[in-house]
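Worksheet: one structure, shown below.
Worth saying up front: this structure is predicted, and the values here are computed from it rather than measured. By convention here, the first residue in the shown sequence is residue 1. All heavy atoms count here, side chains included; hydrogens, waters and symmetry mates do not.
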Amino acid sequence: MNDNAHATSRVDMCSLITLAKHHHDNGNLSVVEDNNEIPFKIRRVYYLYDIPGGEERGGHSHRECYTLLVAVSGSFTVVLDDGIERREVLLNRSNVGLLVVPGVWRVLNNFSSGSVCLSVASHLYSEDDYVRDYDQFLQLTKCKRNEKV
């Protein structure tokens, strides 16, 4: 692996985004708006909940879709992998999200009891955007790296 590989790691392009917390005596409020807190137009929002102990979610990458993941309740770990670099990120604050860029394999695990994962996405659902086979993902990322050489 050359020194350039780390500099162009897609995992390095994933980042934590702290959402403003508007404190009120009757509770807090955080907002996610198009191209403001996040660098994309919101096209889809969904959430994961009632995840049985020991289960994993994710296990895929996207070809074009950007995703913001937020632990709106409880906590979980996100494993990021671009075929070169691998990093684990603990999400446990409801005003901090993880921006996952296209071309990064993600696995969500270690869900605490009662956790809820909010997912804000840049694209509508399209099965064609998903890469669900890890070996295929590795082959695609290898081809993309070779194209840049």
Side-chain angles (χ1 to χ4, degrees), residues 4-52 55-134 136-138 140-145 147-148:
N4 260 356
H6 183 73
T8 60
S9 168
R10 307 255 340 139
V11 168
D12 288 342
M13 296 172 69
C14 298
S15 60
L16 290 173
I17 296 175
T18 301
L19 305 170
K21 182 178 5 177
H22 304 281
H23 177 74
H24 300 275
D25 290 339
N26 61 351
N28 296 323
L29 171 77
S30 290
V31 176
V32 179
E33 293 179 330
D34 291 349
N35 297 307
N36 194 356
E37 292 78 16
I38 55 174
F40 59 82
K41 179 172 176 50
I42 298 169
R43 298 293 310 273
R44 181 168 55 123
V45 176
Y46 60 94
Y47 51 98
L48 308 171
Y49 59 98
D50 291 343
I51 300 155
E55 290 296 320
E56 293 185 340
R57 296 297 309 241
H60 65 267
S61 78
H62 288 282
R63 297 174 193 274
E64 296 180 15
C65 186
Y66 288 77
T67 309
L68 180 74
L69 302 173
V70 180
V72 293
S73 181
S75 65
F76 54 88
T77 300
V78 182
V79 180
L80 302 170
D81 178 352
D82 66 3
I84 298 171
E85 185 178 342
R86 184 181 168 115
R87 178 169 43 125
E88 291 188 12
V89 178
L90 174 66
L91 293 179
N92 61 0
R93 294 175 44 211
S94 55
N95 70 317
V96 175
L98 175 64
L99 176 67
V100 183
V101 301
V104 174
W105 188 268
R106 84 280 320 267
V107 174
L108 287 65
N109 59 27
N110 298 322
F111 289 90
S112 67
S113 180
S115 61
V116 177
C117 171
L118 175 69
S119 181
V120 179
S122 66
H123 288 65
L124 296 175
Y125 175 82
S126 170
E127 186 59 32
D128 292 340
D129 187 54
Y130 284 77
V131 179
R132 297 186 187 272
D133 179 86
Y134 188 72
Q136 179 189 13
F137 165 75
L138 289 176
L140 288 169
T141 58
K142 181 179 177 184
C143 290
K144 286 182 182 179
R145 285 192 304 273
E147 289 172 4
K148 293 180 181 179

Ion pair check, Arg10 and Glu85, cut-off under 4.0 Å: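 Between Glu85 and Arg10 there is no salt bridge, as every charged N stays at least 4.0 Å from the carboxylate O atoms.
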
Salt bridge or not between Lys41 and Asp34? Use side-chain N to carboxylate O under 4.0 Å.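 Looking at Lys41 and Asp34, the cut-off is met.
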
Looking at Phe40, Tyr46, Tyr66, which hits side-chain contact (heavy atoms from CB on, under 4.5 Å) with Val120?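 Checked Phe40, Tyr46, Tyr66 against Val120; only one passes side-chain contact (heavy atoms from CB on, under 4.5 Å): Phe40.
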
Within the 4.5 Å heavy-atom criterion, are [X] and [Y] side-chain neighbours or not?
X      : Y      : answer
Asp81  : Tyr134 : yes
Val45  : Ser119 : no
Cys117 : Leu108 : yes
Ser30  : Lys21  : yes
Val116 : Asp50  : no
Phe111 : Glu55  : no
Val32  : Leu19  : yes
His123 : His62  : no

Tell me yes or no: between the side chains of Gln136 and Asp133, is some donor less than 3.5 Å from an acceptor?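 Gln136 vs Asp133: no donor-acceptor pair found between side chains.
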
Where the side chain of Asp129 meets the backbone of Glu64, is there a donor-acceptor pair that is under 3.5 Å apart? yes

May I ask you to decide if Val11's main-chain N or O and Asp82's side chain share a donor-acceptor pair within less than 3.5 Å?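 Checked: pair present.
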
Mind checking whether Tyr130 and Tyr125 have parallel, tilted or perpendicular rings, split at 30° and 60°? tilted

Work out which heavy atom in Val70 is nearest to a heavy atom in Ser94; give both atom names and the distance. CG1-O, 3.6 Å

For atom OH of Tyr47, is the number of surrounding heavy atoms from other residues, nucleotides or ligands below 6.0 Å larger than 12? no

Would you say that more than 12 heavy atoms from the other residues, nucleotides or ligands in this model lie under 6.0 Å from the CZ of Arg132, or not?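 Buried by this count: over 12 neighbours within 6.0 Å.
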
